[in-house]
Amino acid sequence: MADPASYRPQTGEIPTTPGVYRFRDPHGRVIYVGKAKNLRSRLNSYFANPAGLLPKTHAMVHAASSVEWTVVGSELESLQLEYTWIKEFKPRFNVVFRDDKTYPYLAVTMGEKYPRVQVMRGERRKGTKYFGPYTAGAIRETMDTLLRVFPVRSCSAGVFKRAESSGRPCLLGYIDKCSAPCVGRVSPDEHRNLAEDFCSFMGGEAKRFISRLEKDMAAAVAELDYERAAGLRDDIIALRKVFERNAVVLAEDTDADVFALHDDELEASVQVFHVRGGRVRGQRGWVVEKVEDATTPELIEHLLQQVYGEDSEVQGRIPREVLVPEAPSNHAELTEWLGGLRGAKVDIRVPQRGDKAALMSTVRENAEQALKLHKTRRAGDITVRSVALQELQEALEIPVPLLRIECFDISHVQGTNVVASMVVVEDGLPKKADYRKFSITGAAAADDTAAMHDVLTRRFRHYLTDKAAQVPVISGEIVNPTRAGAKSNTEAPPSDPTMPAPKAKFAYPPNLVVVDGGQPQVNAAKRALAELGIDDVYVVGLAKRLEEVWLPDSDFPVILPRTSQGLYLLQRIRDEAHRFAITFHRQKRGKAMTVSVLDGVPGLGEAKRKALVAHFGSLKKIKAASVEELTSAKGIGPALAAAVVQHLGKTEDSAGAVPAINMTTGEILES
């Protein structure tokens, strides 16, 4: 841990204007981003008496090794820049809100020729309208009910194409829950109108559709068409069922998001009710670990930044009112920022009495229950992970906490298609964004030890390269002087530092490297690190036969108890590395299963290769064809035809041409 006095900037160097500051660790990673109205006052508070800081702030300043700042022209600019950097760098000492569960949305893909209704999770897609979020059970029931009234396509692209080619609709088309545009029952325009009606109903225009159906039912009764009237009656019941599912809680002209928060010393739970047209249209929740010592107004500010600044789809649904339990810090700047995202005025208010305050109380109760449930589910998991990491550290006699573990595995079949995997575990949890795959060729593919040496060398050579490429950090950073209001105390850099920096691939080293194998693999890994001059990364190997843990240059393994949580953790990491390597190996082997002598022709891509085979019918006829005859195939010019003839001539002169073979079935694909 670094001494804050070692990187404390001189007081006179720090400006007294608004700005944004970043703390970095010894590896150059941004670990905290903050903003201040007065940079000098805020930064001095971190260094004046580090021993008197709150525990988490104390940990942050001792984990850092440098601090830098950027001066901006106003508090609004500092708010925007702070959010941009938190989103870019994801600092581990900043509050980052994450969903306590994955919420599904009812989505309509209006960007397609035939819009599709489906349940979607995850990132928003362009050209798609979203409604929700809902609970999983409610959204399925709502979708099933509405499809009888608005029979919009809900099938996948594959099902749609099969129905289109066969001329027969799927089951939903036969039971009238799809208008079957795949077989031409409705035109594309008629189907799009159905999708627009579906979106209008979900957008709050339910009464218009119910009134229209009631008039149609009355007209059918007047014409004595009782069968049609009964169908319309069922449609009306279905729409009312969906419409009445959400009770009116506020005035019908109210569009608001109601946030409430419940927290303790370690975590905070946030819930929001999305009220549209006076009805609760959706609910969403987050749980956050309080890694920084933030007050409730600061938490609310971070929350609104992350919820509404996340993507354009959310920005398009910012309501007129945002109701919060306490006024956020930087209230005026935050209001102006949200208004800019919405394109209209946004009012951030704290309800004091009436229906809105009563609804806020209900949302707060939901937040309290969500935090209790989260802690119940996580308590055992956190305890087990902590015990496992501690047991492993003690058994291997490693003096540093195992914050990051990387595991490597080699996969091949009799020395062919040799690949390796790297999986990463931080705080006992997999970090899949840092997983890596390696292809191994040449002498390194000779055996597992050579492959392991090659992979470790490549991985840590990247680490050393990225580390050396990092610009030395100074206590002050300059924004582009053309940026309005930006000032600095040194010369401007050649590029704009406010632009997103390229993310280092391997800049963060592990505390422990685990290799799949015994003593030979461990020694190969240790030799690779030693050759690169790295002596602060510990290496162990886990042998599969007896689950022995091998240390470098040791004649005897470490035997962990079969019930040890540390052993379970090593096994899970090893199995995950094996799974990841096997998956990559199968992908690579699958691509190599079908080979053809045409694959090596320079300039002959897949499309032209298929056109050539389709034109001549077989590889034998292609070999017999002249340059002039080859040019008769679509897309084959004289130069490419000459290259094909030359390549096939070389192949004939070699050990013999190998036909394309599907190695799974043994079928000869070309002859």
Side-chain angles (χ1 to χ4, degrees), residues 121-123 125 156-159 161-162 405-426 429-463 503-506 510 513-517 521 524-525 528 541-542 544 570-610 613 619 658-670:
R121 301 174 188 261
E123 296 182 359
R125 300 179 185 177
S156 65
V159 173
K161 289 180 180 178
R162 284 197 298 271
I405 303 174
E406 294 180 0
C407 184
F408 296 82
D409 184 34
I410 309 296
S411 181
H412 59 86
V413 174
Q414 296 181 347
T416 62
N417 299 313
V418 183
V419 299
S421 67
M422 180 187 96
V423 303
V424 180
V425 170
E426 287 192 354
L429 292 174
K431 190 178 182 184
K432 295 193 175 182
D434 287 359
Y435 284 16
R436 294 292 183 271
K437 299 178 289 191
F438 301 85
S439 291
I440 303 170
T441 58
D447 56 53
D448 284 1
T449 55
M452 190 64 70
H453 181 276
D454 177 69
V455 170
L456 268 293
T457 300
R458 290 160 62 186
R459 184 268 180 263
F460 285 96
R461 187 184 293 132
H462 279 295
Y463 156 58
K503 296 183 179 179
K505 296 180 180 179
F506 291 101
V513 165
V514 180
V515 298
D516 182 22
Q521 287 80 5
L542 184 61
K544 293 179 181 177
L570 283 181
Q571 289 172 331
R572 288 196 297 271
I573 298 172
R574 188 266 317 277
D575 293 343
E576 173 69 356
H578 186 63
R579 178 201 65 80
F580 195 51
I582 283 289
T583 302
F584 181 41
H585 171 73
R586 287 173 177 167
Q587 292 173 352
K588 191 173 182 181
R589 189 180 65 196
K591 292 180 180 178
M593 276 185 174
T594 303
V595 295
S596 171
V597 292
L598 294 176
D599 291 344
V601 179
L604 187 67
E606 182 180 357
K608 292 182 179 180
R609 186 166 61 246
K610 288 182 178 179
V613 174
L619 183 60
V658 180
I661 300 174
N662 186 318
M663 300 299 291
T664 303
T665 62
E667 177 187 3
I668 297 178
L669 302 180
E670 298 174 4

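The chain is numbered in sequence order, starting from 1.
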- Query: What closest approach, in Å, do V513 and F460 show between heavy atoms, and which atom pair accounts for it?
  - Reply: CG2-CZ, 3.8 Å
- CZ/R162 to OG/S156 distance, rounded to the nearest 0.5 angstrom? 6.5 Å
- Query: Is the backbone N or O of V419 less than 3.5 Å from a side-chain atom of S411, with the two atoms forming a donor-acceptor pair by type?
  - Reply: no
- Item | Note, I440 side chain near R458 side chain (heavy atom, < 4.5 Å) | yes
- Task: Compare every heavy atom of S421 with every heavy atom of A581, then report the nearest pair and how far apart it is.
- Result: CB-OG, 3.4 Å
- Looking only at non-hydrogen atoms, find the nearest pair between V514 and L570 and report the distance. CG2-CD2, 3.8 Å
- Query: Checking salt bridge (Lys or Arg N to Asp or Glu O under 4.0 Å) against D434, which of K431, K432, K437 comes through?
  - Reply: K431
- From CD1 (I410) to NE2 (H585), nearest 0.5 Å: 12.0 Å
- Task: May I ask you to test the F408-Q521 pair for a side-chain heavy-atom distance under 4.5 Å?
- Result: no
- Message: Rounded to the nearest 0.5 Å, what separates atom OG1 in T583 from atom NE2 in H578?
- Response: 9.5 Å
- Within a strict 4.5 Å, meaning less than it, do heavy atoms of the F580 and D409 side chains meet? no
- In this structure, CG of D447 is separated from NE2 of H453 (nearest 0.5 Å) by 11.5 Å
- Quick one: which of R436, E426, R459 gives a side chain to side chain contact (heavy atoms under 4.5 Å, CB included) with E406? R459
